[in-house]
Amino acid sequence: AAYEALIADSEAMRAYNMTLNLTLVITSLGILLAMLLWELVIPIWLGNGQTLGKKIFSLCLVRNDGVKLNHLQLFARMLLGKFTIETMLPVYVLILVFWGVVGLPGTLLLFAILIAQVLCLIISRDNCAIHDLIAGTVVVDISSQMIFRTTEDLIAYKKKIAAEQAARQVY
């Protein structure tokens, strides 16, 4: 009965929609600014794509081939993967469920995202999350992993190893 009265009153419906839209905008901007700081600014400042947690545990982000990340990959990982898919999509659905806009379909979407994330962690070769698959990155132990500054350094290292192996082999 209350919802039918809300629909019948155009001014109340306009205020309801405005409140919902402002809730979504304020939430989005707040989370985006926080993620820009924690997932982009701090890793650029600390270097090696390290957040504070990765720094404490001596972990870092590298490309799948072991080369240091550039800022564009770090940005794509944060914006497309962590912010859009893993954070804002569930937050939007939860807000819309709270406001009564979506019900069961929203809950099913949340479970689908959760299942996709778990499957990515289980099935992917490097046990990567969705944001790492999108950006082509992997988390490694900084003390035991060779990290190359550029692709050229990686190629030079591989040539050196191949030359050493060729020199050791008897023909």
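Considering only residues two or more places apart in sequence or on other chains, I147 meets the side chain to side chain contact (heavy atoms under 4.5 Å, CB included) condition with C60, V62, K68, I142, Q145. Partners of Y92 according to the ring pair (Phe, Tyr, Trp, His ring centres under 6.0 Å) rule, which considers only residues two or more places apart in sequence or in another chain, do not exist here. For T151, the side-chain hydrogen bond (donor to acceptor under 3.5 Å, both in side chains) criterion is met by R63, not counting sequence neighbours. A search for side-chain hydrogen bond (donor to acceptor under 3.5 Å, both in side chains) contacts involving K82 returns E39, not counting sequence neighbours. For L110, the side chain to side chain contact (heavy atoms under 4.5 Å, CB included) partners two or more places apart in sequence, or in a different chain, are P90, V93, L94. Partners of L154 under the side chain to side chain contact (heavy atoms under 4.5 Å, CB included) rule, at least two apart in sequence or in another chain, are D65, V67, F148, K158. By the ring pair (Phe, Tyr, Trp, His ring centres under 6.0 Å) test, Y16 pairs with W99, sequence neighbours left out. Every residue two or more places apart in sequence or in another chain that forms a side chain to side chain contact (heavy atoms under 4.5 Å, CB included) with I134 is listed here: L80, I85, I130.
Sorted by first and then second residue, the pairs that involve residues 105-117 and meet side-chain hydrogen bond (donor to acceptor under 3.5 Å, both in side chains), not counting sequence neighbours, are E86-Q117. Applying the ring-ring contact (aromatic ring centres under 6.0 Å, His included) definition to pairs two or more places apart or across chains, none involves residues 18-40. Residue pairs satisfying the ring-ring contact (aromatic ring centres under 6.0 Å, His included) criterion with at least one member in residues 106-139, sequence neighbours excluded, are absent.
Closest non-hydrogen pair, T51 versus P43, comes out as CG2-CG, 3.9 Å. In this structure, K54 and G49 approach most closely via the heavy-atom pair CD-O, 3.8 Å.
Rounding to the nearest 0.5 angstrom, the gap separating the CD1 atom in I155 from the OG1 atom in T150 is 8.5 Å. Separating the CG atom in L108 from the CD1 atom in I113 is a distance of 11.5 Å, to the nearest 0.5 Å. To the nearest 0.5 Å, the span separating CG on L32 from CZ on F83 amounts to 4.5 Å. Interatomic distance, L79 CG to L36 CG, rounded to the nearest 0.5 Å: 7.5 Å.
Side-chain contacts under 4.5 Å among hydrophobic residues (ILVMFWY), followed directly or transitively, place V25 together with L29.
N70 contributes a side-chain N or O that, together with a main-chain N or O of L72, makes up a donor-acceptor pair within less than 3.5 Å.
Between the side chains of D141 and S143, at least one donor-acceptor pair of N or O atoms lies under 3.5 Å.
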